[in-house]
Amino acid sequence: MSDFLSAQTRTETDSLGSVEIPASAYWGVHTARAHENFPIARRPVSVYPDFIRAFACVKQAAARANLEIGALDEQRATLIDRACEEIKTGMLHDQFVVGVIQGGAGTSTNMNANEVITNRALELAGHAKGDYGFINPNDHTNHSQSTNDTYPTAIKIALAFSLGSLLDELGLLAESFAAKGREFSHIIKVGRTQLQDAVPMTLGQEFNAFAVTLREDIDRLREAVALLREVNMGATAIGTGINAPKGYKETVIKHLRDITELELETAGDLVESTSDTGVFVTFSGALKRSALKLSKISNDLRLLSSGPQAGFGEINLPARQAGSSIMPGKVNPVIPEAVTQVAYSVAGADVTVSMAVEAGQLQLNAFEPVIAHSLFQSITWLERACQTLRVNCVDGITANEERLEDMVSRSVTVITALAPVIGYAAAAKLAKEALATNEKVSELVTSRGLLDQAQLDEILQPSKLAGLAPETDVIDVISDAAIPAPEKIEDGEGTQVSKKPAK
């Protein structure tokens, strides 16, 4: 923003009057007014570099199309093209200074792009910045265009660009969880439903499930980005194509596909496409889904690592920083906590996008700037959250194997595997007794003579408990011997139930 403090200036004029512009600035009068009008977010659009890159792609495609159909001379079109190419590589992004929150349906951002591109093109031609008699932001750089087709098109292209990085990070995070799944595949633990002990599983299964659910979201996000391929270039103001020369609509989409390497297509009804922003609701919903899954996983990691003495204590998260200014030695699960906060922000952004989409009126939605800001921020934060969760947390997780083994050995959850053999009611009675006496279920079963140790060991194989072995009927364990008439034992309610005798 140092340009705003420059002592040397040039004068630019619009329909409202004249404004002094820093001589070194590539932006002009329209950008200056927008900067003054919208000091709200204190964040320029340049915080989203893919958006700037996408706008350069749109303006470059327009220049090439205008040249091809004869609407712009070769000299001007080539200079505009060259300036756009530079911006695509990252040059002059600091000149995109208008705030991310702005009125005017994105006109300020479109004019910021027009002015920066024009002044760089002038500079390439050896002209002074602001020499708009030679190349004009509106008459040449914006030729055949309107904010109302360039701005939403740039948003869609930028979302496609940005999503690629997010998908890469989601994929890497999923692989990290899958790697932990393989590392922990031999460790039996107690699975839980509704925070209550359920049945045994492996720690590897738990971590592999995290990987699978993230990979499913990668597929859903790819489906959502496919909906962004329809753009309204050539619609100009409201979809009627006013001021767009014959052949421009067909030509600009051809160049835009070539420049972006995206499978873009022109909307079938440009009036509808200009007024409708529903695709952003779908895309935002896909981002929210991923965010909420990340939050759920992060919360599970916090639960599993809680303690270290008075909690679950099943896994250890890497210690990243001191957790308290008053409690010595305390370490908190700060990485999962940060990821969950990102998820809350993405969920809130989804509400913002939904309300902004609904608020469109008649032939245009004036609230696309907050839609763009909300979506770009969500993608950016999710990408960074995935990276820090992977690098600073998941890759360093270790298992407390002794604690897990002890918990399984004392858990009544194994009784579920015995119920088909000794009966549900008898199994329930044993579970109650084990909880009351703190005895191991296995010891109660053998001491009662319900099964011998060999039979018990066969049924309670870790692989079978976790569903890893080929499915076999658990009753087959004792089916190879003659079974005498069953004895009767009482369940917890005094009911006589059958007891299968030991061999």
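Distance alone, capped at 3.5 Å, places no donor-acceptor pair between the S295 side chain and the A291 backbone. Here the side chain of R229 pairs a donor or acceptor atom with the backbone of E263 at under 3.5 angstrom. At distances below 3.5 Å, at least one donor-acceptor pair connects side-chain atoms of T107 with backbone N or O atoms of G104. N66 places a side-chain N or O within donor-acceptor distance of the main-chain N or O of H143, the cut-off being under 3.5 Å. Side-chain atoms of S306 come within 3.5 Å of backbone atoms of L303 as a donor-acceptor pair (strictly under, hydrogens ignored). Not one N or O on the side chain of Q196 forms a donor-acceptor pair closer than 3.5 Å with the backbone of T193. T31 places no side-chain N or O within 3.5 Å of a backbone atom of W27 that could act as its donor or acceptor partner. Panel note: side chain E115, backbone H30; a donor-acceptor pair is recorded below 3.5 Å.
Using a 4.5 Å heavy-atom threshold, the side chains of V58 and I157 count as touching. A 4.5 Å side-chain heavy-atom check between E12 and Y132 finds at least one atom pair inside the cut-off. In this structure, the side chains of L170 and L221 come closer than 4.5 Å at one or more pairs of heavy atoms. T236 is not listed as a side-chain neighbour of Q145, based on a closest heavy-atom distance of 4.5 Å or more. In this structure, the side chains of I101 and H373 come closer than 4.5 Å at one or more pairs of heavy atoms. Residues D217 and R289 have side chains in contact (heavy-atom distance under 4.5 Å, counting atoms from C-beta outward). Side-chain contact between L214 and L294 is present, with at least one heavy-atom pair separated by less than 4.5 Å. Residues L287 and D350 form no side-chain contact, since every pair of their non-hydrogen atoms from C-beta on lies 4.5 Å or further apart.
Defined by atom type and a distance below 3.5 Å, a donor-acceptor pair is missing between the side-chain atoms of S18 and T11. The closest side-chain donor-acceptor pair between H186 and E401 falls under 3.5 angstrom. A donor and an acceptor atom, one from each side chain of R82 and Q60, are nowhere located under 3.5 Å apart. The closest side-chain donor-acceptor pair between T274 and N148, if any, does not fall under 3.5 angstrom. K249 and N232 are not linked by any side-chain donor-acceptor pair at a separation below 3.5 angstrom, with hydrogens and angles left out of the test. Judged by distance alone, the side chains of T141 and N114 never bring a donor and an acceptor atom under 3.5 Å apart. Looking at T251 and E68, their side chains never bring a donor and an acceptor atom within 3.5 Å of each other.
Under 4.0 Å is where a charged nitrogen must lie from a carboxylate oxygen, and between K296 and D300 at least one such pair does. Salt bridge present: R182 and E175 bring a charged side-chain N and a carboxylate O closer than 4.0 Å. For the pair K180 and E183, the salt-bridge criterion is met [side-chain N within less than 4.0 Å of a carboxylate O]. A salt bridge is absent between E86 and K88; no separation between the charged side-chain nitrogens and carboxylate oxygens falls under 4.0 Å. Comment: K189 engages E206 in a salt bridge, judged by a side-chain N to carboxylate O separation of less than 4.0 angstrom. Between D14 and R33 there is a salt bridge, since a side-chain N of the basic residue sits under 4.0 Å from a carboxylate O of the acidic one. R384 and E169 are not joined by a salt bridge, as no carboxylate oxygen comes within less than 4.0 angstrom of a charged side-chain nitrogen.
Under a cut-off of 6.0 angstrom, the local environment of NZ in K129 is crowded, with over 12 non-hydrogen atoms contributed by other residues, nucleotides or ligands. In the displayed structure, N37 atom CG is contacted under 6.0 Å by more than 12 heavy atoms of other residues, nucleotides or ligands. Around the CG atom of L16, the shell of radius 6.0 Å holds more than 12 heavy atoms that belong to other residues, nucleotides or ligands.
From I397, atom CD1 reaches atom CD of E314 across 12.5 Å, with rounding to the nearest 0.5 Å. Taking OG1 from T109 and CE from M111, the interatomic distance works out to 11.5 Å, rounded to the nearest 0.5 Å. The distance from atom CG of L270 to atom CG of D149, rounded to the nearest 0.5 Å, is 8.5 Å. Note that OG of S108 and NE2 of H35 are 11.5 Å apart. Values are rounded to the nearest 0.5 Å. Rounding to the nearest 0.5 angstrom, the gap separating the OG atom in S165 from the CG atom in L382 is 12.5 Å. Note that OG of S298 and NZ of K293 are 14.0 Å apart. Values are rounded to the nearest 0.5 Å.
Pairing each heavy atom of T118 with each of P137, the nearest pair is OG1-CA, 3.3 Å. Contact record, L166 with C386: CD1-SG, 4.4 Å, taken as the closest heavy-atom pair. Across all non-hydrogen atoms, the minimal contact from N365 to A359 is ND2-C, 4.5 Å. In plain terms, the two heavy atoms of K156 and L228 that are nearest each other are CD-O, 3.5 Å. What you find for P152 and T147 is that their closest heavy atoms are CD-O, 3.5 Å. Between F134 and H140, the shortest heavy-atom distance links the atoms O-CE1, 3.8 Å.
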Checklist entry - Do R320 and C393 pass the side chain to side chain contact (heavy atoms under 4.5 Å, CB included) test, and can you show the C-alpha distance, the side-chain angles, and the key distance before you say yes or no? => result CA-CA 8 Å; R320 302 304 306 178; C393 183; over 6 Å; no

Next on the checklist: Using side chain to side chain donor-acceptor pair (under 3.5 Å), reason through S275 and Q363 one step at a time and then give a plain yes or no.
Outcome noted: CA-CA 5 Å; S275 62; Q363 279 68 61; over 6 Å; no

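Aromatic rings of F283 and F280 (six-membered ring for Trp) have centroids beyond the 6.0 Å cut-off, not under it. Aromatic pair Y151/F51: ring centres closer than 6.0 Å.
Taking the ring axis of F312 as reference, the NZ or CZ atom of R192 stays within 45° of it and closer than 6.0 Å to the ring centre.
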